[in-house]
Amino acid sequence: MTQGHVRIAGRMAVIGGGRMGEAILAGLLASGAMGPDDIVVAEPLPSRRSELLAAHGVACEAEAAEAVRIADIVLLAVKPQIMDDLVSSISSLAEGRLFVSIAAGVSCARIESLLPAGTAVVRVMPNTPAIVGEGMSIVSGGTEATAEQVDLVRELFSFVGRSVVIEERYQDAGMAISGAGPAYMALFIDALARAGVREGLSRDVAQMLAIQTMFGTAKMLEVTGVHPEELVDGVTSPGGATIAAIEQFEVGGLRGTVFKAVAASVRRAKELGS
């Protein structure tokens with residue numbers, strides 16, 4: 001997780017106490033960016049409210065409106081299919097508040113249309129590694145959000161990993177890489193581990209080798225700034241075992257398959273968003 005953040009001013013309402021909403025509030029609390037008194041969660045399930053209170057010491061409300069009334073920032077951490085009804089139900093309380101949505105496929109314009117004119121909305125696409133403080137979040141401001149508000153949201157999400165600001169029209173492409181990406185990475189790790197089992201390794205050992213190798217490779221690329229192709233060349237000896245494996249990846253069309261998979265994900269995201 002990125003270090004050296006400033007404290008976030010104001011109070012935040014987290015609407016939806018699911019895994020991602022909890023990951024964000026946990027990151028804010030752990031970093032000192034906000035304290036338990038600065039966050040209130042709206043969650044309809046009594047059992048879940050009890051869990052969040054016990055784990056984080058934050059106030060919890062059954063109704064979204066009760067949480068919004070005492071907040072400056074409203075984090076909409078609910079499923080896309082209930083977004084319209086939720087936002088409409090709290091629109092009368094929107095004045096002076098910054099709305100942040102992490103609902104996949106829901107545009108800033110769609111949320112703005114449900115709120116009073118002039119309400120600031122920022123859209124974010126986080127991913128599941130935020131749960132362990134290693135997320136990648138894509139941040140885009142709506143038409144009413146100022147540059148300062150967008151940067152505030154970028155800073156907020158940097159408490160659960162890394163964050164970057166892009167134009168909203170590229171959100172679907174970003175989602176297809178980082179939002180859906182953990183599934184791709186897990187799929188490759190599972191395939192690599194199963195291949196190890198086929199060659200006689202135990203599942204535990206094969207999976208540990210695959211996970212640590214992916215983690216270490218990503219860290220090395222980040223720290224050194226080396227281009228991925230340069231890393232491939234550095235590991236590949238002429239006539240060696242690595243080039244024999246890479247040949248099979250090329251024969252199987254690995255790169256082309258990745259291109260097609262990302263394009264399919266982008267198409268589907270646009271369909272869901274419309």
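Along the sequence shown, residues carry numbers from 1.
Side-chain contact check for M136 versus V164: some heavy-atom pair is nearer than 4.5 Å. Contact check for M34 versus F159: no side-chain heavy atoms found under the 4.5 Å cut-off. Between V58 and L29 there is a side-chain heavy-atom pair separated by less than 4.5 Å. With a 4.5 Å cut-off on side-chain heavy atoms, M12 and L156 count as touching.
One distance of note links CG of L254 with CZ of F188; it measures 7.0 Å at 0.5 Å rounding. Put simply, CG on L53 and CD on E43 are 13.0 Å apart, with the number rounded to the nearest 0.5 Å. The CG atom of L114 sits 9.5 Å away from the CE atom of M83 when rounded to the nearest 0.5 Å. Note: L86 CG to I90 CD1 = 4.5 Å, rounded to the nearest 0.5 Å. Between atom CE of residue M208 and atom CD1 of residue I189 there is a gap of 13.0 Å, rounded to the nearest 0.5 Å. Taking CZ of F157 as the start and CG of L152 as the end, the distance is 10.5 Å to the nearest 0.5 Å.
Under the side chain to side chain donor-acceptor pair (under 3.5 Å) criterion, the residue pairs touching residues 259-269 are R268-E271, with sequence neighbours excluded. Listed by first and then second residue, the salt bridge (charged side-chain N to carboxylate O under 4.0 Å, His left out) pairs that reach into residues 235-259 are E229-R255, E250-R255, sequence neighbours excluded. For residues 58-76, the set of pairs meeting the salt bridge (charged side-chain N to carboxylate O under 4.0 Å, His left out) definition, not counting sequence neighbours, comprises E66-R69. Within the structure, the salt bridge (charged side-chain N to carboxylate O under 4.0 Å, His left out) test picks out the following pairs touching residues 44-54 (sequence neighbours left out): E22-R48, R48-E51. The list of salt bridge (charged side-chain N to carboxylate O under 4.0 Å, His left out) pairs with a residue in residues 199-219, not counting sequence neighbours, reads D190-R203, K219-E222.
Minimum interatomic distance between V41 and L52 (heavy atoms only, all atoms of both residues): CG1-CD1, 3.8 Å. Closest of all the heavy-atom pairs between G252 and T257 is O-OG1, 4.2 Å. V205 approaches L201 most closely through the heavy-atom pair CG1-CD2, 4.4 Å. Contact detail for V40 and C60: the closest heavy-atom pair is CG2-N, 4.5 Å. The two atoms that bring R154 and V139 nearest to each other are CA-CG2, 4.1 Å, heavy atoms only. Of all non-hydrogen atoms in V226 and L231, the two that sit nearest each other are CG1-N, 3.8 Å.
Take Q149 and apply the side-chain hydrogen bond (donor to acceptor under 3.5 Å, both in side chains) test, not counting sequence neighbours, and it matches T146. Listed by chain and residue number, T143 satisfy the side-chain hydrogen bond (donor to acceptor under 3.5 Å, both in side chains) test with E112 (two or more places apart in sequence, or in another chain). S140 is linked by a side-chain hydrogen bond (donor to acceptor under 3.5 Å, both in side chains) to Q171, counting only residues two or more places apart in sequence or in another chain. Annotation: side-chain hydrogen bond (donor to acceptor under 3.5 Å, both in side chains) contacts of R11 (sequence neighbours excluded): none. The side chain to side chain contact (heavy atoms under 4.5 Å, CB included) search around S91 returns L115, P116, not counting sequence neighbours.
Residues V124 and L28 fall within the same hydrophobic cluster, defined by Ile, Leu, Val, Met, Phe, Trp and Tyr side chains chained together at heavy-atom separations under 4.5 Å. Under the 4.5 Å side-chain contact rule for hydrophobic residues, I73 and V150 share a cluster. One hydrophobic cluster holds both M185 and L192 under the rule that ILVMFWY side chains link at heavy-atom gaps under 4.5 Å. V153 and V165 fall within the same hydrophobic cluster, defined by Ile, Leu, Val, Met, Phe, Trp and Tyr side-chain heavy atoms under 4.5 Å apart, directly or through other members. One hydrophobic cluster holds both L93 and V78 under the rule that ILVMFWY side chains link at heavy-atom gaps under 4.5 Å.
Judged by distance alone, with hydrogens and angles left aside, the side-chain atoms of R123 form no donor-acceptor pair with the main-chain N or O of E168 at under 3.5 Å. D172 contributes no side-chain N or O that, together with a main-chain N or O of V266, makes up a donor-acceptor pair within less than 3.5 Å. Between the side chain of S178 and the main chain of M175, no donor-acceptor pair closer than 3.5 Å is present. Using a distance-only test at 3.5 Å, with no hydrogens or angles considered, no donor-acceptor pair links the side chain of S137 to the main chain of S163. Proximity of a side-chain donor or acceptor of Y184 to a complementary backbone N or O of A176 within less than 3.5 Å is detected.
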Report, one line per pair, each donor and acceptor closer than 3.5 Å where one atom sits in a side chain of residues 13-20; sequence neighbours left out.
none

Could you pull out every donor-acceptor pair under 3.5 Å between side chains of residues 98-111 and any protein atom, sequence neighbours left out?
unit_1, atom_1, unit_2, atom_2, d
S101, OG, A103, N, 3.2
S107, OG, R110, N, 3.1
R110, NE, D84, OD1, 3.0
R110, NH2, D84, OD1, 3.1

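Dense packing is recorded around CD of Q81, with more than 12 heavy atoms of other residues, nucleotides or ligands lying under 6.0 Å away.
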